2 protein chains.
Amino acid sequence: MHRTLSVASSPVRDLLALTSRPEVISFAGGLPAPELFDLDGLRTAYETALQDRSVLQYAPTEGNPALRELVSSRLTGRGLPTPDVLITTGSQQALSLVATALLQPGAVVAVEEPTYLAALQCFQMAGARIAPVAGDADGLDPDSLRSVVATHQPSLLYLVPTFANPTGRTLSAARRAEVAALAAERDFWIVEDDPYGELRYRGSAVAPLASISDRTVYLGSFSKIGAPGMRLGWLRAPADLLRTLVIVKQATDLHTSTVDQAAAALYLTHNDLDAHVARLCVEYGARRDAMIAALPATVPDGTTWSDPDGGMFVWLRLPGSADSAVLLKEALRHDVAFVPGAPFFATTPDHATFRMSFTTNTPAEIAEGMSRLAEVLR
Amino acid sequence: MHRTLSVASSPVRDLLALTSRPEVISFAGGLPAPELFDLDGLRTAYETALQDRSVLQYAPTEGNPALRELVSSRLTGRGLPTPDVLITTGSQQALSLVATALLQPGAVVAVEEPTYLAALQCFQMAGARIAPVAGDADGLDPDSLRSVVATHQPSLLYLVPTFANPTGRTLSAARRAEVAALAAERDFWIVEDDPYGELRYRGSAVAPLASISDRTVYLGSFSKIGAPGMRLGWLRAPADLLRTLVIVKQATDLHTSTVDQAAAALYLTHNDLDAHVARLCVEYGARRDAMIAALPATVPDGTTWSDPDGGMFVWLRLPGSADSAVLLKEALRHDVAFVPGAPFFATTPDHATFRMSFTTNTPAEIAEGMSRLAEVLR
C-alpha cells in the first residue's frame, strides 16, 4: 500500500461544530459579525456583475485586472507602494502557495509562538519543520529570532505582526526594523499575514514589514473587512517571486472565482470601503471594550490577558496548572465557549492558555457570556 | 539563497493571451461557449442566494450540504452510487488535493500520453515522476499500462477516460475492466477525471471506472456543463481518503466560495440541468460535425485525426516531419489558432500533433476558421 499523507484536522474547526448550538454564546470562532456585512452593497455588486456573461467564463490566473488595480491602489494609499497583486482564493490559499513555492521538504519555518493554527497545518503539510520564536506584549522577540535563525537557518519567518491570531499583539515599529534587518542579513523570507491590520480601535498604524523589507511576501484578505464567504485574498511579493506564485496558483485551481472577483471589483468601485471599515471599528471596538471590562470579574485572580488595540482576539493565561481544554467542557455545559490555547503552539503547548474572540457577539451578549464563563472559571 | 520552486507556466494559457485578438478564430482554448451559458438562471440563483447573509460567512470545508447532496444524487442517478462528495474550487483543485494527499516526493504517476497539461503541471509540482502509458483510438492500452506498472510501481494512474483532453478518445468498457482489475491487483489509485462525460453527441454512455473500482478517485466539474467562472468541482473517493482530502483542503483554502456554492445549489434545485446539458449537446454536436466535415479539405493528405463521440476536442497528426508550433505562427498571421501538441506529452513530444477545440465557435465561424487554416496547412 502506498503511503497517504498524515495530517490532523484543525481542532478549532472541529470545535466550531460543537459550539453551533444556538443557545451557546461562542467566543471560540474567529468569525466576523454577520449582521455587519454590507449585504445590500454586495448583492447589488453581484447583480451588476451578472449582467455580463463573461463573469461566467474562465479568467486569467493573476486575477481580475480591475480588482488587482483597486487592491494595489488601496495598499499604496495605506503606505505600502504596490505595483501589482495576485488574487487568491482567500488568504489561506496565499499561504499555501507560498509554502509550495518557497519550502522544500525538510525546510525550516520560524513562527512566533503561539501562532495561527492553519498556518502551522499548511507548513506541516509542505513537509517543513517548525522553529518557534518567543514573544511578549510587543510581539515576537528579535533576540529569540536571532538565536532561532543562527541555529535553524529557516527559509522563512511567518508572522501576523498586527493584532496577531491568537494573541491580539502587535509587533512594535522598532522590532519590525530589527526583523527586516535580520531577514536581509541572514537571507530568509518574511511572510507578513495581515488580515486584521485595518481593524484598529485605538492608537495609530505601524508601517507593515513589507514597506521596510523587500524580502517580504504580504498577504491581505477581504474576509475581515468585507465578507469571508467570497473567499478573496491577495498577495504582494517581489516581481520574480510573484511570477512563480502565479504559476503555482495555475496548477492549484487555475484561478479564483470570476464571479466573486467581478463582484468585489464592482463593490470597491461603487462603495466606500473605508467608511464601512470605520463602522466595523466602532462596533468591534465597543465589543472589545465590553469583553476587557468584564474580564476582572470573570477570571480568577492571577489570570493575565492581552489588551489588543485591534483585531478580533484576547489571549488569556490562567494561573497555576489550569487546563483550558478541561474547562471548555464545563463551559459548554454552561452554554459558553472559547478555544483552548494548546493547538496554537507548534512545540510545547501551554495548557493554561485560551483565546477569546470578541467580534461575533454584541456587547450585551458578551456580558451574558462572560457571566456564564465566570461560573466556570471562578 | 534558499531554493524556490522551479515550474513552467502552462503553454496553453500563455498561448490564449496571443489568440485573444478579436479577429482571431481560435480553436486553441478549451472554453465552453459563453453564448450558451444559462445567464438568466444563474443570475436568479445568485440573487436568491444573496437574500441570506449567511452566504457571506465562513462555511464548512466539505462544502455546502445541499450542493453535496444534489451532486451526489446526480452522480448516483447517472449510475455511480455516491454517498458524499467534497466540493472543490474547480476540478483543478481536486487534482491538486489528490496530488498532495497521495504523492510523496519521488512517487510515480502513470498517465496516458498525451494527456491534460495542467495535470502534468500539478504532478510535477508535487515532486512526482511521470510514466507515460501508450494509447490508441480505444484509449489507454492496458498492455502498456501493465508494463509501466511492473517497471515503475506508480502510486496512481491519472486519466480522462471519456472524451479525453487532448485526444477526444474514450476508453472502451472492456479496457476499463482491465484497468480496474490491474489497480486492485497491483494496488495503485486511479484518478478518473471526468469533466466532459455528460457532453456526449452520439453512442451510449460507458460506465465510469469509479463504478467498477473502489480504488478510484472520481473528479467532476460544473465548468463544462454549467459555468467555469464559478470554479466549482467535486471529488468522490472512498470514505477514508475523502476524510484526508477534506483536511488537505482545509489547509489549502479553508473552503470554496460560500456564495458560488449556494448559487449552484439553488440553480440545481430550480432548474433542469439535464435539459440544459441536452441543449449543449445539440449545439456542440453540430459544431463537432462542422469541424469534422471541414477537415478533409483543410489538412494535407496523410493527416490523421480522432473522431470524438463527445467532449470538446479533435486531435490531429500531420504527415511527415511537420512542426505544428511553427505552423501556429503562420496560422496566427491568418487569424486562426490551434494548440500545438508537444506540451501534452510528458516525455517524448510528437511535434506533428495539434489539438483543435470545436465548442467555442459556431458552425459558420468554424467553416471560416477552417478555410483560413487550409491556406496554412495545405
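Per chain, numbering begins at 1; letters A, B, ... match sequence-line order. Only heavy atoms go into these numbers, but all of them, side chains included; no hydrogens, no water, no symmetry mates. Quantities reported herein were computed from a predicted structural model and do not represent experimental measurements.
- Contacts with chain A (heavy atom to heavy atom, under 4.5 Å) involve these residues of residues 86-94 of chain B, listed by number: B/Thr89, B/Gln92, B/Gln93.
- The OG1 atom of A/Thr252 sits 6.0 Å away from the CE atom of B/Met125 when rounded to the nearest 0.5 Å.
- Expressed to the nearest 0.5 Å, how far CD of B/Gln121 lies from CD1 of A/Ile247 amounts to 7.5 Å.
- Between chain A and the residues B/Pro32, B/Ala118, B/Ala99, the most heavy-atom pairs under 4.5 angstrom are made by B/Pro32.
- You'll find the side chain of B/Thr256 stays beyond 4.5 Å of the side chain of A/Arg231, heavy atoms only.
- Of the atoms belonging to B/Pro105, it is side-chain heavy atoms, and not backbone ones, that fall under 4.5 Å from chain A.
- A donor-acceptor pair under 3.5 Å links the side-chain atoms of B/Arg43 to the main chain of A/Leu50, judged by distance alone.
- Listed here is the closest heavy atom pair of B/Gly30 and A/Tyr58: O-CE1, 4.0 Å.
- In this structure, SG in B/Cys122 is found 10.5 Å from CG in A/Asp253, a value given to the nearest 0.5 Å.
- With chain A as partner, the option from B/Ala227, B/Ser257, B/Ser96 having the largest number of non-hydrogen pairs under 4.5 angstrom is B/Ser257.
- Residues meeting the side chain to side chain donor-acceptor pair (under 3.5 Å) test with B/Thr115, sequence neighbours left out: none.
- Within the structure, no pair that satisfies the salt bridge (charged side-chain N to carboxylate O under 4.0 Å, His left out) test touches residues 118-128 of chain B, not counting sequence neighbours.
- Contact of A/Gln51 with chain B is made through backbone and side chain together, with heavy-atom distances under 4.5 Å.
- In terms of modelled atom types and a separation under 3.5 Å, the side chain of B/Arg53 and the main chain of A/Pro34 share a donor-acceptor contact.
- Not counting sequence neighbours, A/Tyr116 has no partner by the ring pair (Phe, Tyr, Trp, His ring centres under 6.0 Å) test.
- With a 4.5 angstrom heavy-atom cutoff, B/Val259 touches chain A via backbone and side-chain atoms both.
- How far CD of A/Gln57 is from CZ of B/Phe37: 4.0 Å, rounded to the nearest 0.5 Å.
- Going from atom CG of A/Leu42 over to atom CG of B/Leu56 covers 5.5 Å, rounded to the nearest 0.5 Å.
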